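Beneath this line is the structure, given in structure tokens, with notes to follow.
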Amino acid sequence: DGTSPIEGNSPQVRRGVVFDGDGDYLALPLQTRLALDNWTVEAWSRPDAGSNGGTILERVVGTMASRYNVNYGLRLVRASGLYYVESYFSNGAGTEVKTRSSQPITVDGEEWTHVASTYDLTTRKLILYINGGRSHYVTKPLVPIKYGPGEVYTRVGEGFEGAMIEVRIWSSALTANDINSRLYFYLAGDETDLVAYYRLADGGITAQDTLNASVGDWSRGWANAATLCGNAHFEEFEVPLRLDVDADGDGMADWWEIIYFGNTDVSDGTGDADGDGLTDLYEYLSDLNPLDPDTDTDAVSDYEEDSDN
């Protein structure tokens, strides 16, 4: 059917992870690539009406004075019946630095909100963005802790009620233009300083890391994938990202090119990557695998099976 059994994003489906706020979350792998001095963390979230708040994304590095040490974090907080987003971190003494959105966000189980936070170690500035616009910032002399005593973990959605998609973690403080230019589009997976990319459009019990560096992760037991814990699960629903984008105008959707070729620059549609006599564009239009001359593995090539090639 043209899909890849070893590619979690194939076929591309409008899907995300749903959390019930009662002990479920998405556990990212315990890897040093997630320990950051400078960072941008972002996600699309759709909180349920009546939510009590909860974590959107957080990397904890142990405790100090009975308080969690946090490398970076985003959370939804409820105050006087309204909902705000906070970005935060703590230093080695457990002292928290945070900034809160200047305006409340809509929490009704229907509206999606894009949240992003950046931190620049040189300027010591923590900036919070809501739907691509700078909402608030704070500058403090304290710096985020990367490593600490005790348990270390990175989790998405702990205590959160609602749905999430497109969790992205970068090792630099992106500009507002950087964030806005990619707001409604899937990434290629090879962007500069991108260290983790979870689309959350899979199925099953893990969420694939869509970095190019993680291609073939199935052969490593999905070592770079995130694990769904508790009642966290995938559901299909409408998402704010565009699936039909064809930025290079070659007739093939960007998401399809990224899945099979890694980026949108490898094929212009006129080539024949698997040598079966059908162009890459034809394979896209026919819902075939452009890297396999026998997509349905029936010992008859795609070219021979196609009646109007």
Side-chain angles (χ1 to χ4, degrees), residues 2-17 25-44 56-60 71-72 74 116 146 152-157 164-172 174 178-179 182 185-229 232-234 239 241 243 245 247 252-267 273-274 289-292:
T3 63
S4 171
I6 60 175
E7 167 56 58
N9 297 309
S10 175
Q12 187 70 50
V13 178
R14 295 178 182 271
R15 185 185 288 143
V17 172
Y25 54 86
L26 189 69
L28 274 59
L30 184 61
Q31 297 174 342
T32 57
R33 63 180 168 132
L34 300 178
L36 303 173
D37 290 311
N38 302 279
W39 39 263
T40 299
V41 292
E42 55 178 320
W44 280 95
I56 297 172
L57 169 66
E58 181 182 68
R59 180 173 184 266
V60 170
N71 188 182
Y72 46 80
L74 279 168
K146 285 174 60 177
V152 176
Y153 58 82
T154 307
R155 293 176 181 172
V156 172
M164 286 193 215
I165 60 172
E166 289 294 303
V167 172
R168 306 169 180 180
I169 303 176
W170 310 74
S171 61
S172 63
L174 300 183
D178 290 333
I179 294 170
R182 305 179 177 112
F185 304 101
Y186 292 104
L187 303 181
D190 61 354
E191 288 79 2
T192 301
D193 295 333
L194 182 65
V195 298
Y197 178 30
Y198 298 93
R199 290 185 184 172
L200 308 188
D202 317 50
I205 60 174
T206 60
Q208 175 178 315
D209 180 9
T210 312
L211 281 182
N212 280 12
S214 295
V215 169
D217 204 30
W218 63 273
S219 65
R220 298 183 289 271
W222 297 107
N224 298 307
T227 303
L228 278 67
C229 302
H233 62 280
F234 292 101
V239 299
L241 275 74
L243 296 179
V245 177
M252 301 178 293
D254 291 351
W255 67 263
W256 189 85
E257 292 189 74
I258 290 169
I259 283 178
Y260 288 109
F261 300 117
N263 59 59
T264 60
D265 300 326
V266 173
S267 174
D274 57 10
N289 184 339
L291 304 180
D292 187 343

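Start at 1 with the first residue, then count along the sequence. For clarity, every value in this text was computed on a predicted model and none was experimentally measured.
Residues Ala196 and Leu211 share a closest heavy-atom pair of N-CD1, 3.9 Å. Closest of all the heavy-atom pairs between Asp217 and Ala225 is OD2-N, 3.4 Å. Smallest separation of non-hydrogen atoms from Leu187 and Leu194: CD1-CD2, 3.8 Å. Taking every heavy atom of both residues into account, Phe261 and Ser267 meet most closely at CE1-CB, 3.9 Å. When all heavy atoms of Ala273 and Pro290 are compared, the closest pair comes out as CB-O, 3.5 Å. Closest of all the heavy-atom pairs between Glu42 and Ala116 is CB-CB, 3.7 Å.
Expressed to the nearest 0.5 Å, how far CD1 of Ile179 lies from OG1 of Thr40 amounts to 5.5 Å. Summarising the geometry, atom CZ belonging to Arg182 is positioned 5.5 Å from atom CD belonging to Glu191; distances are rounded to the nearest 0.5 Å. In this structure, the separation between OH on Tyr198 and OG1 on Thr210 is 9.0 Å, given to the nearest 0.5 Å. The line from CG of Asp193 to CG of Leu174 is 7.5 Å long, rounded to the nearest 0.5 Å. Annotation: the span from Asp274 atom CG to Asp292 atom CG amounts to 7.0 Å, rounded to 0.5 Å.
A donor-acceptor pair under 3.5 Å is absent between the side-chain atoms of Arg199 and the main chain of Gln208, judged by distance alone. With Asp190 contributing its side chain and Asn212 its backbone, the two residues share no donor-acceptor pair below 3.5 Å. Side chain of Arg59 to backbone of Asn71: no donor-acceptor contact under 3.5 angstrom is found.
In this structure Trp170 satisfies the ring-ring contact (aromatic ring centres under 6.0 Å, His included) test with no other residue, sequence neighbours excluded. Every residue was checked against the salt bridge (Lys or Arg N to Asp or Glu O under 4.0 Å) condition with Asp178, not counting sequence neighbours, and none meets it.
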- Any chance you could lay out the side chain to side chain contact (heavy atoms under 4.5 Å, CB included) test for Lys146 and Asp37, step after step, and finish with the verdict? CA-CA 7 Å; Lys146 285 174 60 177; Asp37 290 311; 2.8 Å; yes
- Checking side chain to side chain contact (heavy atoms under 4.5 Å, CB included) for the pair Leu26/Leu200: CA distance, chi angles, key distance, verdict? CA-CA 10 Å; Leu26 189 69; Leu200 308 188; 3.5 Å; yes
- Could you check Arg15 against Val239 for side chain to side chain contact (heavy atoms under 4.5 Å, CB included), going step by step and ending with a plain yes or no? CA-CA 7 Å; Arg15 185 185 288 143; Val239 299; over 6 Å; no
- Item | side chain to side chain contact (heavy atoms under 4.5 Å, CB included) assessment of Ile169 paired with Trp39 | CA-CA 7 Å; Ile169 303 176; Trp39 39 263; 5.7 Å; no
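Looking only at side-chain heavy atoms (C-beta outward), Thr154 and Leu57 come within less than 4.5 Å of each other. In this structure, the side chains of Leu228 and Phe234 come closer than 4.5 Å at one or more pairs of heavy atoms.
With hydrogens and angles left out, the side-chain atoms of Tyr197 and Glu166 include a donor and acceptor closer than 3.5 Å. Side-chain atoms of Gln31 and Asn224 include a donor-acceptor pair closer than 3.5 Å.
Atom CG of Leu291 sits in a crowded spot, with more than 12 heavy atoms from other residues, nucleotides or ligands closer than 6.0 Å.
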